[in-house]
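Hydrogens, waters and symmetry mates are skipped; everything else that's a heavy atom, side chains included, is used. In what follows, chains are A, B, ... by sequence order, proteins preceding strands, each numbered from 1. Please read all numbers here as calculations on a predicted model, not as lab measurements.
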2 protein chains.
Amino acid sequence: MFLSELLPVKEAFRVIDENQVRMGVEEIDLDDAYHRVLAEDIISRFDSPPFDRSAMDGYAVRAEDTFGSSPENPITLRVVDSIGAGDVSGAETARGEAVRIATGAPIPEGADAVVMEEYTILSGDEIRVIRPVSPGENIAPRGEDIGAGERILKAGTLLRPPEIALAASAGHGRVKVYRKPSVRIIVTGNELVDPSGDLEPGKIPNSNRYTLKALVESAGGVPDVLHCGDDLEGVKDEIRRAADEYDAVITTGGTAISKGDVVVDAVKDLGEVLFHGVAVRPGKPVAFGMVNHKPVFMLSGYPVAAMVQFDVFARYYLMRMQYPEYRHRTVRRTCTGKVASAPGRTEYLRARATDEMVEPVRSRGSGIIRSMVESNAYIFLDENKEGISEGEECDVILFDSMII
Amino acid sequence: MFLSELLPVKEAFRVIDENQVRMGVEEIDLDDAYHRVLAEDIISRFDSPPFDRSAMDGYAVRAEDTFGSSPENPITLRVVDSIGAGDVSGAETARGEAVRIATGAPIPEGADAVVMEEYTILSGDEIRVIRPVSPGENIAPRGEDIGAGERILKAGTLLRPPEIALAASAGHGRVKVYRKPSVRIIVTGNELVDPSGDLEPGKIPNSNRYTLKALVESAGGVPDVLHCGDDLEGVKDEIRRAADEYDAVITTGGTAISKGDVVVDAVKDLGEVLFHGVAVRPGKPVAFGMVNHKPVFMLSGYPVAAMVQFDVFARYYLMRMQYPEYRHRTVRRTCTGKVASAPGRTEYLRARATDEMVEPVRSRGSGIIRSMVESNAYIFLDENKEGISEGEECDVILFDSMII
């Protein structure tokens, strides 16, 4: 695979975008909505709060009754009722009267402010108020947060706890979200064995089955892993079945020169290989195709290459299946060291970023898993960029910004 | 609750730290290890790679045989064998010989380098090599990534995909991790009703049951939600049961002035209230206690106050139950606006941060859920800090840095 035969990264993303499949929609209980993505606008069914309510524990009063009060000159009011949260007072607060009120309870008729409990002295059925309140003070007015009929959340929004709180307050106990993609992971490689056993000569522990499962989870997918050998017919059967039963397929390995590149050959037979070989480092042998309108990402067998290929291409796609607004976001950091890079190739350099700096992680071989362990970010080097000088600002993709 | 009666935030954290419970350990399949936290050091059982292996598809050769080769002056070698990944060659590579080799396959005896396929021309059982290789070129030497017996991961490490890859490569298909805390969420409040129904006067949708569940999930806990009324005996029964059956208890609301602060009273009766009222804004009425050696966080009924109290105190504790190294981390950002703040009180201001700037979100009432929706960070104002000027750098806690 010579550089001249490799697809530029930008082109690879164009191909991927053109073949982006979106997940269908499902209605779920708001209980299960954490980190799901809205597939509908949410319109409020209610004002929130649905009535003028007290923001404090204290006494609902007519504000003008309290004007001029002070510790030296307290004003006495008669307590005519008491309202807990969830209750409604039948009493109207007349001049010279107060209604004891809990945080969250509805303001009774007649009252227009709440005196905090701390600024009152209770004796019998009277209070002495030692500090004046203005009209509206300590009242959360009806509709302050949300008006009924208002669009409060847009389709495409990631549901964090605050969005979930808002949807519930707006009267929605169920929401429509994008389904999570089910992902068949096919790990190929005759050399791969259970890590817990002993190693026969030529065999290595199958780490990819664990790594890819975790990667798919981190991208919001529902993974199902299979290990299969390197033979073309076996791989073909599994990819055919996977493209029937799952929303997306990811393979690793399958490059056995004696038999050709079995995975790519299998996808060619079953559907279409849209690219094979990208001008990216690490990870250039990555391939992408479509079988039965399902995406198939063909990653390397090497764990580090597979992780980077996943992050760059498969993660982007899986995230966007269910979270259309997702993009790989870059931030700017000052590079602590010099980085060499050949133009014509996009690089995703393993790196350790702080809030201000980024340090390239030096072992760059695609077999060096430890270099990924030491990393929390990629330095992104565009194909036109010829390296970075020490102290130069550069583009960085933080791993934590890539997960859902 | 006057300012002088409130516990400083630092003191509240001291109390929390003194009462920090750690989760026990469980052994799990590495398949289930994503974002769990190691409770043991991981020692490698193997070298990784376990043998010298080819980093490329190509031909294993003696490097010196290729010296001086070029397109104009190719050197011819005889192909004596072919090794796929997982295979072992019985052949020894003698002078003038080559062994076809797949990426990942073990280097045969006698060979000391791999010529990439691209730099060879195959005809019959011979190749012409058009570019020399140095000894060791395109070979990943045994133990390059990990040496057998090496400590590759420390207890306390968060297992991301790279750590999972490393553990598997080191021969571990199961790992010991901290158990996730089970958390009983008790939402109190007679005013709270199912959001999907209609609203009777004085009632509001129960958003806290959804919000707290999502918050606990975001902190790596396993939530189980219960709604109960505001009566002391009912609340007490539920807290007693929760402290028996769960690892932690979180309550919201329960302030009904007619009946006192039922949740705090219930915890006083059942165990110990260690603080009630913290010099923090928003969220000062937060309380913390221990019942049956289980932590009980008593949060406000107001959604925003509850979210902030959760993030500041309960999240910190829950995370550290299973991830001892967790801390709330601050980063520095330039504030786009002026912020006023009274000394003597720690503030967690809702804010919108970019990679460089932070903008305070202006609606600060504790009922304004929308202000949390607009936020992705807190501006952290120490109790000694008297506000922030426009353009001043300040401490910021990014929401994304607080989740597991």
Is there side-chain contact between B/Val193 and B/Asn206, with at least one heavy-atom pair below 4.5 Å? no
Heavy-atom distance under 4.5 Å between the side chains of A/Glu117 and A/Met56, does that happen here?
no
Applying a strict 4.5 Å limit to non-hydrogen atoms, the region of A/Tyr210 in contact with chain B is both
Interatomic distance, CZ@A/Arg142 vs CG@A/Asp52, rounded to 0.5 Å, equals 8.5 Å
Under 4.5 Å to a heavy atom of chain B? For A/Asp194 that would be neither
Interface check, chain B: of A/Val373, A/Thr211, A/Leu159, A/Asp29, most non-hydrogen pairs under 4.5 Å belong to A/Val373
Chain B shares the most heavy-atom pairs under 4.5 Å, among A/Gly197, A/Ala105, A/Ala306, A/Gly189, with A/Gly197
Of the listed B/Ser218, B/Ser300, B/Pro201, the one with the largest count of heavy-atom pairs under 4.5 Å with chain A is B/Ser218
The interface call for A/Pro162 against chain B, heavy-atom contacts under 4.5 Å, is both
One option among B/Thr157, B/Ile403, B/Leu166 has the most heavy-atom pairs under 4.5 Å with chain A, and it is B/Leu166
Under 4.5 Å to a heavy atom of chain B? For A/Ile146 that would be both
d(B/His35 NE2, B/Arg160 CZ) to nearest 0.5 Å is 8.0 Å
Applying a strict 4.5 Å limit to non-hydrogen atoms, the region of A/Lys213 in contact with chain B is side chain
Of all heavy-atom pairs linking A/Phe46 and B/Pro195, the shortest is CE1-O, 3.7 Å
Discussion item. Quick test of your reading of the model: are A/Asp355 and A/Arg333 salt-bridged, counting only N-O distances below 4.0 Å?
Written reply: yes
Checked A/Asp31, A/Leu153, A/Val331 vs chain B; the most non-hydrogen pairs under 4.5 Å come from A/Asp31
Are the side chains of B/Met372 and B/Val361 in touch, meaning some heavy atoms are under 4.5 Å apart? no
Cut-off 4.5 Å, heavy atoms of chain B, and the answer for A/Val88 is side chain
Is there a donor-acceptor pair under 3.5 Å between the side chain of A/Thr188 and the backbone N or O of A/Asp230?
no
Would you kindly say whether A/Arg329 and A/Ser401 are connected by a side-chain donor-acceptor distance under 3.5 Å?
no
Cut-off 4.5 Å, heavy atoms of chain A, and the answer for B/Phe51 is side chain
Assert top hit (heavy-atom pairs under 4.5 Å, partner chain A, pool B/Ala140, B/Gly171, B/Gly301) equals B/Gly171
N-O pairing of A/Arg53 and B/Glu191 below 4.0 Å:
no
Honestly, the part of A/Phe399 sitting under 4.5 Å from a heavy atom of chain B is side chain
Highest number of heavy-atom pairs under 4.5 Å with chain B among A/Met307, A/Glu217, A/Arg45 belongs to A/Arg45
So, the part of A/Ser375 with a heavy atom under 4.5 Å from chain B: the answer is backbone
Assert top hit (heavy-atom pairs under 4.5 Å, partner chain B, pool A/Ala33, A/Ser169, A/Pro106) equals A/Ser169
Honestly, the part of A/Thr330 sitting under 4.5 Å from a heavy atom of chain B is neither
So, the part of A/Leu212 with a heavy atom under 4.5 Å from chain B: the answer is neither
Cut-off 4.5 Å, heavy atoms of chain B, and the answer for A/Asn208 is neither
message: Is it the case that over 12 heavy atoms from other parts of the model lie below 6.0 angstrom from the CD atom of A/Glu356?
response: no
Thinking salt bridges, do A/Asp81 and A/Arg100 make one under a 4.0 Å N-O criterion?
no
